[in-house]
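These notes concern the structure reproduced below.
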Amino acid sequence: MAEAEDQGNSISADFVKLVSNDEHEFILKRSHALTSGTIKAMLSYPTNFKNKEMSKVQFREIPSHVLCKVCMYFAYKNRYTNSTSEIPEFPIEPEIALELLMAANFLDC
């Protein structure tokens with residue numbers, strides 16, 4: 001029983017939950033989320049959370065369609081950093097380009 005609890009704690013510590021202004025939740029690897037300097041600072045700030053709880057970051061100004069694209073970028077960045085293969089272009093729809101630019105500026109990524 002204690003082993004299962006320890007494994008659950010480890011899993012929670014390896015992931016982070018990002019919440020958009022319209023309450024959509026995105027769970028991603030902590031290492032991917034740390035691509036953002038802002039998220040890195042938020043997660044390093046001392047909190048009252050117990051170690052076994054998954055870290056959660058609420059974004060009151062970022063809608064889900066933009067935060068989804070940000071999460072996709074984190075995975076892309078993690079995948080192609082230090083890659084020796086050809087790096088494909090990261091697709092950005094023109095309709096969200098301005099919102100994405102503002103989010104990227106805020107998130108420092």
Side-chain angles (χ1 to χ4, degrees):
M1 179 86 159
E3 260 182 57
E5 188 174 313
D6 287 342
Q7 187 177 14
N9 293 348
S10 173
I11 290 171
S12 291
D14 292 339
F15 290 87
V16 63
K17 183 185 297 185
L18 306 181
V19 184
S20 66
N21 68 354
D22 48 354
E23 299 299 319
H24 283 86
E25 297 179 347
F26 300 88
I27 298 173
L28 62 153
K29 289 183 178 180
R30 179 179 290 270
S31 60
H32 290 196
L34 295 179
T35 299
S36 162
T38 303
I39 294 174
K40 188 176 192 175
M42 290 174 161
L43 294 177
S44 66
Y45 189 77
T47 64
N48 294 327
F49 292 117
K50 297 177 184 173
N51 289 335
K52 65 182 178 180
E53 292 181 14
M54 184 181 303
S55 298
K56 177 179 173 180
V57 181
Q58 178 84 40
F59 295 104
R60 294 187 182 111
E61 300 296 323
I62 303 176
S64 59
H65 68 280
V66 174
L67 192 55
C68 178
K69 196 65 161 183
V70 168
C71 293
M72 291 169 64
Y73 174 74
F74 291 162
Y76 169 89
K77 174 86 171 163
N78 188 270
R79 163 69 177 89
Y80 291 107
T81 296
N82 299 324
S83 176
T84 56
S85 65
E86 187 175 335
I87 300 172
E89 186 174 320
F90 184 75
I92 298 173
E93 298 78 18
E95 300 82 27
I96 68 165
L98 181 58
E99 289 177 292
L100 193 57
L101 180 63
M102 292 187 311
N105 184 49
F106 172 73
L107 293 171
D108 189 27
C109 60

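Taking 4.5 Å as the limit, every side-chain heavy atom of Val70 sits out of range of all side-chain heavy atoms of Phe59. Using a 4.5 Å heavy-atom threshold, the side chains of Leu28 and Leu18 count as touching. The shortest distance between side-chain heavy atoms of Arg30 and Ser55 falls below 4.5 Å.
Cluster membership for Phe74 and Tyr80, using ILVMFWY side-chain heavy atoms within less than 4.5 angstrom, is shared. Hydrophobic clustering (side-chain heavy atoms under 4.5 Å, transitive across Ile, Leu, Val, Met, Phe, Trp, Tyr) keeps Met102 apart from Met72. Taking hydrophobic clusters as Ile, Leu, Val, Met, Phe, Trp and Tyr residues chained together by side-chain heavy-atom distances below 4.5 Å, Leu101 does not share a cluster with Leu107.
Heavy-atom contacts from other residues, nucleotides or ligands closer than 6.0 Å to CD of Gln58 number more than 12.
Summarising the geometry of Pro63 relative to Ser20, their closest heavy-atom pair is C-CB, 3.8 Å, with the distance given to 0.1 Å. Nearest heavy atom pair, residue Arg60 against residue Asn21, reads O-CB, 3.1 Å.
Using a 30° and 60° split on the angle between ring planes, Phe90 and Tyr73 fall in the perpendicular class, above 60°.
Note that the NE2 atom of His24 and the CD1 atom of Ile62 stand 15.0 Å from one another [nearest 0.5 Å]. With rounding to the nearest 0.5 angstrom, the CD1 atom of Ile87 is 9.5 Å from the CZ atom of Arg79. Between the CZ atom in Phe106 and the CD atom in Glu61 there is a gap of 8.5 Å [rounded to 0.5 Å].
Salt bridge annotation for Lys69-Glu99: absent, with no cationic side-chain nitrogen under 4.0 angstrom from a carboxylate oxygen.
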- Apply side-chain hydrogen bond (donor to acceptor under 3.5 Å, both in side chains) to Asp108 and Ser36, showing your working. CA-CA 5 Å; Asp108 189 27; Ser36 162; over 6 Å; no
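Under a 3.5 Å cut-off, the side chain of Tyr76 and the backbone N or O of Pro91 do not form any donor-acceptor pair.
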